[in-house]
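Everything numeric in this text was worked out from a predicted model, so none of it was measured.
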Amino acid sequence: MLKRQARPWMRPAVGLNVLSLAIGGALLVPAAGVQAQVLEEVIVTARKRQEAMQDVPVSVTAFTGNQLRDAGIVNLKDLGYQTPGVQIDQSSAAQIWIRGIGQRDDGSRIDAPVGVYVDGLYIPRKDGQLLDLIDVQSIQVLRGPQGTLFGKNTTAGAVVVTTQAPDTEFGGFVDVRVGNYDRQDVKATANIPLIDETLLSKVTVGSVRRDGYQRNIVTGQQAASEDRQSAALQLRWLPGDAVSVDGLAYYGETAEIQPTTNCRWLQGSSFNGEDSLFGNRILPGDRVPVDAYNDNDTPVMPGFSAQSPTFEAACRRSQALQDDYRTTTDQRIEYNLDNLLLGLTVEWEINDSLSLKSITGYGEQEKSGNFGNPDNDVTELPFSTRYRPGGSPSDRDHVSQELQLIGSAFDDRLDYTFGLFAMKENIDDGTDGSVSWSTGSLLFAPMPIMLINSPTAELQTYELENTTYAAFFQGSYALTDNLELTAGLRWTSEQREQSVSQLLLDEAAFRETAFAAIAGAPGIIPLPAAGVGIVTDLDALLAADIFSAINNAFPLDADGQQIYPLLPAVEQQADETWEEVTPMLSLAYQLPEALLDAAGLQSAMVYLGYAEGFKSGTFEPVGVDGLATVQPETVANYELGFKIDFLGSSMRLNGAVFRTDFDEMQLRQVLLDSGGSPRVVLTNASSTRITGGELELSWLPTDNLLLVATGSYNDYDYLDFEEPQFSSRALFAQQPLPVTDRSAEPFAEVPKLTYSLALQYTWDTSWGTFVPRLDYSYVDEIFMGLDAGAGQNLDQSTFDDYGLLNARLGWRSQSGRLEGALYATNLTDELYYFGAAAVGDTTGAFQTTTAPPRMYGLELRYNF
């Protein structure tokens, strides 16, 4: 980094080579004349230079590697409970939300709103972001749009991971962790100097293994397991005082069984109290007629069922097992990932006020298996499935190049960063398959008719090429000794090229086989050309179970899915480039010494900021309608923040309030294609707004006691959000679907309120240093609806709030060579849920995923 003198209003930092923050366990620094110790200064690189965090007008939370260990944080998934405004799903990929902005999608066609960087290298796909086995020096979480300092533009924020660089002396450590569910983790790191202080190296290897805490009683799988191995090589070459060259090679293999889901039954979950589209159908095995016309105004006809008895019974069987971490899905799950990441960073300090940095990255991923909870109905019935034929792999590779010119001018009153960024990403996303049963619907005008609903049957193969170019600038100028103005500007160009090959159901061939299977069935006069049959004896027809006969008429493939006739492949392509210019502006004021002394403060800063963000558009296949354009998402963020140190620097209070306005927010919705089939697609939800705030408090009331409290509150509003809603009545009558105003819905997957409390005590004895710690995290109720029906039934589509208590007893020997810890997460064995979705209009089922139960174990570390 550049060796600059501190600005007049910047206080000298204690230990500038150490980043520390009380959130993860503050380092304690004796203060002369003060009985209690003080919180050490926090050094961050959020603005591409070393700065005291209390002087940076950015909402940022940071952790050192030691603090991560003290708090039991072993990968990105654990950050969410101790970082205000951040939620991260506990799955095999990093589903990150910052200030309520995220993406409930595991596909490759959508850019993440949260950027993850490892040593400056942008990781484009969330599957590759869980690099939990690299030796980490620090993690910084930046909230709000980040574009004028980072290569890739993001609308929600950024997670910046910095690895521990190779050291000039031989040394390292070995970490071992064992625990319940057969937890067996090992990580080892060795610093190996190769040429004195000129060429340094570091090798890290590790393995994370744990049995699954869920049991699928149908497939026999132990789901929600962990199985990751990785190795990393780091090289540092110091050819002279002004040049450094850092190389990183990382390779990881994952072979896990993802958490699977249970089914919760939704009653009257569609328009005006109607039941769901598929719940209103007659399924194989049903012996009671289903009334598809009942709603809030019309009772169920005598002798009829409101919804399919077969589907309801299967869903309720699954729901009854969720408290015991058992599931009944009929699909086996596999999640395999091979992940390669290469990076080369060259930094040249041209002079005392100017440096040039080059960051070159390359990555490859192969993701394969039947991943992503493929069982749409979440029961033991093979009713509706999304699967990868033969475990079809998704192959991705990317290359990126970033240049940063970092300097200062005007007697160090101006600090600036100018950057250029380019990335090319190629994705052969493999083949997705969708298949469902054929079902029936009873119509009664002008006579009883049984509609033979065609099944879902399609294969879609994708290829994508993404190209990004960007130029960005940000400069901070000290207008006075206490007032700083920061301004930035970014130009982004995103090109998206996508092709899809679709094989859809051959309805004529399906009907030929289906009606041949029910030829001679009692109680029905088949009309194959119309896809219906005239009902002459409903009881006899239902007793014949014609839909089992239809589905059994089609053979199964190697994946256990029905083989329906498909039309020839339809090839479609789309190509578009989106460009956007996004500015930022902030004004920061440091209180002068006179005001600080009068108020009894050691430091205080307030800042006011404005920033815009941009997320690229994409293309979404919508059944028979082909590729639809999803417009880019843009945000404007207004923020007012403060950072205060007081009580002799033993207490720190940082906070921010903000408002984020969206235009064309990208959102998962359920829509009908022109062929009448429901599709879960990415579309734009028009105007939305988030207002909220965060607080972080750290306090050292005594020399050994640390108290930490954080909180976040967000209020979510759709300002303009209308869409057609499914209605069985409207579809059967061939009338337009009702248009529903969804603006009153909560945002999905994110809570309004979260807070955390931590208590840590440092106890020095002749046996070493003991560090007991308790962490409590509270998460408010979370709405999980995907469609309008779920939004109209909040009580059926919302997870309850919950609180988690973690406990840890750390120990460090007097020599520092040995360390250990006893730990327990979710100490009270709280039953809570994450992920999945409530779908009220189509399946009428709430897919729930049980989160990890109590985990406990022992950690040992040997430093050499």
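For Glu580, the side-chain contact (heavy atoms from CB on, under 4.5 Å) partners two or more places apart in sequence, or in a different chain, are Thr582, Phe614, Thr634. Annotation: side-chain contact (heavy atoms from CB on, under 4.5 Å) contacts of Ile110 (sequence neighbours excluded): Gln103, Asp105, Lys615, Gln666, Arg668, Leu682. Listed by chain and number, the residues in a side chain to side chain donor-acceptor pair (under 3.5 Å) with Asp575 are Gln495 (sequence neighbours excluded). Applying the ring-ring contact (aromatic ring centres under 6.0 Å, His included) criterion to Trp578, with sequence neighbours excluded, gives Phe619. Annotation: salt bridge (Lys or Arg N to Asp or Glu O under 4.0 Å) contacts of Arg236 (sequence neighbours excluded): Asp246. The side-chain contact (heavy atoms from CB on, under 4.5 Å) check on Ala628 picks up Val622, with sequence neighbours excluded. Partners of Tyr638 according to the ring-ring contact (aromatic ring centres under 6.0 Å, His included) rule, which considers only residues two or more places apart in sequence or in another chain, are Tyr610. The salt bridge (Lys or Arg N to Asp or Glu O under 4.0 Å) search around Glu664 returns none, not counting sequence neighbours. Every residue two or more places apart in sequence or in another chain that forms a side chain to side chain donor-acceptor pair (under 3.5 Å) with Ser358 is listed here: Gln401. Looking at residues two or more places apart in sequence or on another chain, you find a side chain to side chain donor-acceptor pair (under 3.5 Å) between Thr163 and Asp119, Gln234. With sequence neighbours excluded, the residues that form a ring-ring contact (aromatic ring centres under 6.0 Å, His included) with Tyr718 are Phe721, Phe747. A search for salt bridge (Lys or Arg N to Asp or Glu O under 4.0 Å) contacts involving Asp432 returns Arg388, not counting sequence neighbours.
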